[in-house]
A.B. asks: 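Before anything else, here's the structure in question.
Sequence lines set the chain letters: A, B, ... in the order given, protein chains first and strands last, and positions in each chain run from 1. Reckoned from all heavy atoms, side chains included, excluding hydrogens, waters and symmetry mates.
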Number of protein chains: 2
Amino acid sequence: MEKTGHSRRARGRPPGFDRAAALERALALFWERGYEGTSVAELVEAMGITPPSLYGAFGSKEGLYREALALYGEGPGRFGPRALAEEPTARAAVARLLREAAEVFTDRSRPGGCMISTAVLSCAPEHRAVAEAVAGMRAAATDALAERIGRGIAAGELPEGTDARALARFYGAVIQGMSVQARDGADHDALAAIARTALAAWPSPPGPE
Amino acid sequence: MEKTGHSRRARGRPPGFDRAAALERALALFWERGYEGTSVAELVEAMGITPPSLYGAFGSKEGLYREALALYGEGPGRFGPRALAEEPTARAAVARLLREAAEVFTDRSRPGGCMISTAVLSCAPEHRAVAEAVAGMRAAATDALAERIGRGIAAGELPEGTDARALARFYGAVIQGMSVQARDGADHDALAAIARTALAAWPSPPGPE
DNA sequence: CCATTATCATAGCGATCACTATGAAACGTG
DNA sequence: CACGTTTCATAGTGATCGCTATGATAATGG
């Protein structure tokens, strides 16, 4: 038996920068300029580190981008899963999803729009893997939305024949369009109005007939 | 008086390539890969010309991209203005706009989605002028849609208080979202279903009350 | 103290970026 | 034919791309 003794400090020279803080800087830059529009030189400048530190900590530009995407999902993008999980009905969940998207997408303390909804929609062939990773996150978001709507249908909140996946694609499209317009400079009220109009397309509840 | 005589042929050596055809090849490549994702080397390869010919005919990569955007507007993107101009009512115009967008965005003979709706949403700072040019085309499209809806309101097709610009932004967002999903591989039926759902949000006509 | 380990800064790798200088080739004109 | 004009192909410009080799520096373990 040996004492595994997690030493209080690691062995060699300790890191000279805050990894989490550096990743947040990278997230902001990627969010603003996109994957292809952000260079490693700009990243290291914004993160306050040197290239060897970046590659030591994140492996590659692509690895850093993927970690930034994950951090987005746990931070600014968290409102989505929360809305789907915490509201009592599918309609309330979608209403909150749209309402909060209008807020997050126009938060002045951050880049405009959504980092996932409208990222890497076209790119050089050598970046296809990155594009597919982001597209996969969009698909996962639509799946989660369809699942929530499906539960609403099962609960009798919506007409029986309602197509959960189709409705999820519609509201996904609205959110993606809101992200486009936020990137084009639309303000909160413009996006909130889009959200309200989209809700008018919500299927009528089954009549008591 | 001198004969201005437009000579049948230009003076020097005649061009060895079809400018219009080369531009179409460039359009397809830009559409598929985006502005930053397309290199001049790939462009000259696809266009079947050499770099000096490209720069002689189009000035720069940016100039070529701007001409490609214009060609898109006169070709695949022509369905938008046509729908707004040719339909008798605002609702019919929007319905056709959405229906044809679903077709064009999933035309298998072309890249997916819209070249304007979802292009250059983020980029390096040195390409800001290009991004603004595309954003300007999105704004112009929304303006045209708002104008058509406004005429519908004036014609009594919609409730008096209807906000034409807000409604235009909503349907613009739907089209942008359809473009995102087309780029992600959505098929025609999926987009057509989004279009149909969006039409359900069309304001009810003013009752005779 | 020395040895080990890990991170740091400097400098620069080959490849590609958008773009162009140079001169030969292909046309109308004299 | 030679001339002026324009386009062509070759080759390469400096700059930047993502990434890394090298060696100094700073910590722990003995």
Side-chain angles (χ1 to χ4, degrees), chain A residues 2-23 26 29-30 33-68 120 123-130, chain B residues 2-23 26 29-30 33-68 120 123-130:
Chain A
E2 78 180 6
K3 29 184 175 178
T4 57
H6 51 73
S7 53
R8 284 134 204 268
R9 316 191 65 157
R11 284 267 295 231
R13 174 175 173 172
F17 67 98
D18 183 340
R19 191 184 192 277
L23 180 57
L29 208 58
F30 275 132
R33 304 184 178 180
Y35 179 74
E36 289 180 325
T38 310
S39 73
V40 172
E42 295 166 332
L43 284 166
V44 297
E45 159 77 21
M47 298 165 81
I49 62 176
T50 60
S53 297
L54 189 157
Y55 284 87
F58 302 101
S60 65
K61 179 188 173 184
E62 177 175 337
L64 176 59
Y65 185 68
R66 288 175 182 270
E67 285 207 37
V120 205
C123 66
E126 61 263 32
H127 301 139
R128 173 174 288 183
V130 174
Chain B
E2 76 178 7
K3 30 184 179 179
T4 57
H6 49 72
S7 53
R8 285 135 203 265
R9 315 193 64 159
R11 286 267 294 234
R13 172 174 174 174
F17 66 99
D18 182 341
R19 190 182 192 278
L23 181 56
L29 208 58
F30 275 133
R33 304 184 179 180
Y35 179 74
E36 289 182 325
T38 310
S39 73
V40 171
E42 294 165 331
L43 285 166
V44 298
E45 160 78 21
M47 299 164 80
I49 63 176
T50 58
S53 297
L54 188 157
Y55 284 87
F58 302 99
S60 64
K61 178 187 175 184
E62 178 176 335
L64 176 59
Y65 185 69
R66 287 175 184 270
E67 285 208 39
V120 204
C123 65
E126 60 264 30
H127 300 141
R128 172 173 291 182
V130 175

A.B. asks: Is the shortest side-chain heavy-atom distance between B:Leu43 and B:Phe58 below 4.5 Å?
C.D. replies: no
A.B. asks: For A:Tyr35, is the NZ or CZ atom of A:Lys61 found under 6.0 angstrom from the centre of its six-membered ring and inside 45 degrees of the ring axis?
C.D. replies: yes
A.B. asks: Could you tell me the separation between the OH atom of A:Tyr65 and the C1' atom of D:dG18, rounded to a whole number of Å?
C.D. replies: 17 Å
A.B. asks: Rounding to a whole Å, what distance do you find between A:Leu64:CG and D:dG18:P?
C.D. replies: 11 Å
A.B. asks: Within the supplied structure, the quantity of interest is the number of heavy atoms (other residues, nucleotides, ligands) at a distance under 6.0 Å from B:Arg128 CZ; does it exceed 12?
C.D. replies: no
A.B. asks: Nearest whole angstrom, please: distance from the P of C:dC17 to the CZ of B:Arg33.
C.D. replies: 11 Å
A.B. asks: Side chains of A:Met47 and A:Ser53: does their closest heavy-atom pair fall under 4.5 Å?
C.D. replies: no
A.B. asks: How long is the straight-line distance from OG1 of A:Thr50 back to CZ of A:Phe17, given to the nearest 0.5 Å?
C.D. replies: 8.0 Å
A.B. asks: Nearest whole angstrom, please: distance from the P of C:dC19 to the CZ of B:Phe58.
C.D. replies: 14 Å
A.B. asks: Starting at atom CD of B:Glu62, determine the distance to atom C1' of C:dA18, rounded to an integer number of angstrom.
C.D. replies: 12 Å
A.B. asks: Does a nitrogen or oxygen in the side chain of B:Tyr55 sit under 4.0 Å from OP1 or OP2 of C:dC19?
C.D. replies: yes
A.B. asks: What one-letter contact string describes nucleotides 3-10 of chain C from 5' to 3', where B marks a base within less than 4.0 Å of any protein heavy atom, S marks contact via sugar-phosphate atoms alone, and - marks no contact?
C.D. replies: -SBBBSBB
A.B. asks: Using atom types as modelled and distance alone, determine if a side-chain donor or acceptor of B:Glu36 lies under 3.5 Å from a backbone N or O of B:Ala124.
C.D. replies: yes
A.B. asks: Side chains of A:Val120 and A:His127: does their closest heavy-atom pair fall under 4.5 Å?
C.D. replies: no
A.B. asks: Rounded to the Å, how far apart are B:Glu126 CD and C:dC19 C1'?
C.D. replies: 15 Å
A.B. asks: What is the distance, to the nearest angstrom, from the NZ atom on B:Lys61 to the P atom on D:dT16?
C.D. replies: 16 Å
A.B. asks: What residues form a salt bridge (Lys or Arg N to Asp or Glu O under 4.0 Å) with A:Arg13, not counting sequence neighbours?
C.D. replies: none
A.B. asks: Expected output is a numbered-order residue list: members of residues 35-48 of chain A with a heavy atom under 4.0 Å from any atom of DNA chain C. What is it?
C.D. replies: none
A.B. asks: Please check: side-chain N/O of A:Glu62 versus main-chain N/O of A:Val130, any donor-acceptor pairing under 3.5 Å?
C.D. replies: no
